[in-house]
Amino acid sequence: MNTCIVGLQWGDEGKGKVVDLLSESADLVARYSGGANAGHTVLRDSREKAFALHLLPSGILRDDVLCVITNGVALDAETLLAEIDQLAARGIGLKDNLRISSRAHLVMDYHKRQDRYSEEALGADKIGTTVRGIGPCYADKVTRTTAVRLADLLDLEGLEKRLRPIVDQKNAIFAALYPGAEPIDADAILDQCRRWAERLGAMITDTTALLHRAWKDGRSMLFEGAQGTLLDLDHGTFPFVTSSNASACGFSAGSGLPARAVDRFLGVAKAYSTRVGAGPFPSEQDNHIGQYIRDKGHEYGTTTGRPRRCGWFDAVCVRYSIQIGAITEVALQHLDTLAGLDEIKVCTGYRRRGEIVDFFPAERQVLDEVECRYETLAGFSEDITQARRFEDLPANAQNYVRRLEEILETPVTMIGVGPSRDQMVYRTGA
Ligand code: IMP
């Protein structure tokens with residue numbers, strides 16, 4: 001059984017925990033898009049400190065799982081190595097269980113700087129990126145002649161020849177656009193590349209070929225999406241999106257496998273909505289409700305620590321994401337966070353200038369103008385963090401889940417009731 005996990009909102013849906021749980025029965029776990037802008041927290045049990053992973057697939061916490069970073073990823077080698085070292089410091093060393101695509105693109109120091117300079121220059125109009133160099137790295141991928149791939153680390157002489165003119169070009173652009181920008185030192189960058197090559201060289205391989213072999217051999221594969229469908233470069237709330245295809249559409253191009261290699265596309269959504277950074281968010285609650293959710297759900301970014309914007313569940317968004325990804329089941333995370341609210345609202349549609357809008361709009365101006373049409377459901381006050389079966393949930397929590405299933409026309413097969421591995425309600429036959 002091959003499964004692909006996809007975020008149905010603006011990222012941070014709790015995909016890491018779902019991947020961690022499903023990786024128990026997987027032979028291979030792969031990350032196929034995004035980069036160190038992503039952040040997964042995985043808590044193996046409530047007594048230990050959570051693991052914050054940005055690039056390593058969550059399967060790294062299990063023995064006997066091969067972890068793969070495929071071609072679609074923008075790889076920040078510095079962050080990856082720091083993550084490997086942090087795990088080793090906690091007794092989880094790599095045991096020949098990580099492979100990185102030679103086709104993946106490297107996030108260079110100058111990409112991160114460019115991300116920061118560009119955001120600073122935009123001022124109030126900034127995207128609110130994670131400043132991890134993601135946009136500039138993917139921009140170089142599209143430009144082609146200025147891109148640096150993992151494969152280049154296997155040919156350092158060739159890389160040196162290519163990198164010097166690239167650095168000259170970057171320096172010229174920075175000097176022209178960003179007064180005060182420090183010049184980039186090509187030698188320092190080359191030293192860094194040599195260090196990366198030394199530590200990562202043995203892991204760099206053709207992961208497309210590897211995945212096709214695994215598919216042919218009937219291995220059980222799990223694909224871990226980063227961010228969420230509404231941050232997808234093509235299908236999200238453009239321009240307030242990330243620079244990769246974070247929806248299910250990114251799976252094939254990002255891994256080299258056809259979509260039919262996946263048996264199920266599992267969507268992950270929170271029982272409410274959150275977003276970090278700027279951009280439209282129709283059901284946002286910039287009030288005591290939003291603050292309640294933020295405090296109770298610890299809604300602060302794993303990567304940047306920024307407070308997340310919080311709001312009600314937006315079924316228009318999630319229905320759209322389900323459609324885009326042909327999602328067949330939903331894992332609903334953080335239901336426990338809603339405990340204690342007298343009533344819970346669900347946005348079931350939009351209205352703009354008095355007219356009903358029944359599809360997720362593509363235009364930023366339209367999204368800025370829509371108003372949510374809400375359905376109000378009764379809340380629940382009980383602590384549900386100990387619930388393990390659907391029947392353990394209070395009636396109002398059950399009703400909320402059932403109503404979401406009706407609106408989304410998709411079964412909710414997993415319900416998160418807390419951060420630990422065991423705090424999950426499974427629903428078979430949903
Ligand atoms: P970038 O991916 O750093 O370029 O940021 C672009 C947008 O995507 C910003 O709004 C970020 O806050 C958002 N973003 C990127 N990665 C994540 C994530 O993993 N979770 C939530 N939002 C993200």
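In this text the structure is predicted, and so the values were computed from the model without any measurement. Order of listing sets the numbers, starting from 1, for every ligand and every atom in it.
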Worksheet item: Which residue holds the protein heavy atom closest to atom 11 (C) of ligand 1, what is that atom called, and what is the gap in Å?
Response: G128 O, 3.6 Å

Discussion item. Starting from atom 21 (C) of ligand 1, what is the nearest protein heavy atom, named by residue and atom, and what distance separates them?
Written reply: D12 OD2, 3.0 Å

Discussion item. On a heavy-atom basis, I'd like to know which of I127, V241, D115, T129 is closest to atom 1 (P) of ligand 1.
Written reply: T129

Item to complete: Name the closest protein heavy atom to atom 23 (C) of ligand 1, giving the residue it belongs to and the distance to 0.1 Å.
Response: L231 CD1, 3.6 Å

Item to complete: Check whether the side chains of R62 and S23 place a donor and an acceptor atom closer than 3.5 Å, and report yes or no.
Response: yes

Practice prompt. Please test Q192 against D109 for side chain to side chain donor-acceptor pair (under 3.5 Å), starting from the C-alpha separation and ending with a verdict.
Written response: CA-CA 10 Å; Q192 203 174 33; D109 178 58; 5.7 Å; no

Worksheet item: Which one holds for F240 and ligand 1: side chain close, backbone close, both close, or neither close, with close meaning a heavy atom under 4.0 Å?
Response: neither

Worksheet item: With a 4.0 Å cut-off, would you call D20 and R421 a salt bridge?
Response: yes

Item to complete: Begin with the C-alpha distance, continue with both residues' side-chain angles, and end with the deciding distance and a verdict on side chain to side chain donor-acceptor pair (under 3.5 Å) for W196 and E78.
Response: CA-CA 8 Å; W196 294 344; E78 211 57 30; 2.7 Å; yes

Worksheet item: Side chain, backbone, both or neither: which part of R306 has a heavy atom under 4.0 Å from ligand 1?
Response: side chain

Practice prompt. Measure from the side-chain N and O atoms of N171 to the backbone N and O of I184, and report whether any donor-acceptor pair falls under 3.5 Å.
Written response: yes

Worksheet item: If you count the atoms of ligand 1 from 1 in the order shown, which ones are under 4.0 Å from a heavy atom of Q227?
Response: 15 (C), 16 (N), 17 (C), 18 (C), 19 (O)

Practice prompt. Check whether any side-chain N or O of R31 sits under 3.5 Å from a backbone N or O of S33 as a donor-acceptor pair, and report yes or no.
Written response: yes

Item to complete: Would you mind reporting whether L231 and F240 have side-chain heavy atoms less than 4.5 Å apart?
Response: no

Worksheet item: Numbering the atoms of ligand 1 from 1, which are under 4.0 Å from a heavy atom of W10?
Response: 21 (C), 22 (N)

Worksheet item: How far is atom 10 (O) of ligand 1 from its nearest protein heavy atom, and which residue and atom name does that atom have?
Response: V276 O, 3.1 Å

Worksheet item: Of the protein's non-hydrogen atoms, which lies at the shortest distance from atom 2 (O) of ligand 1, and what is that distance?
Response: T242 OG1, 2.5 Å

Worksheet entry | Taking atom 3 (O) of ligand 1 as the reference point, the nearest protein heavy atom with its distance | T130 OG1, 2.5 Å

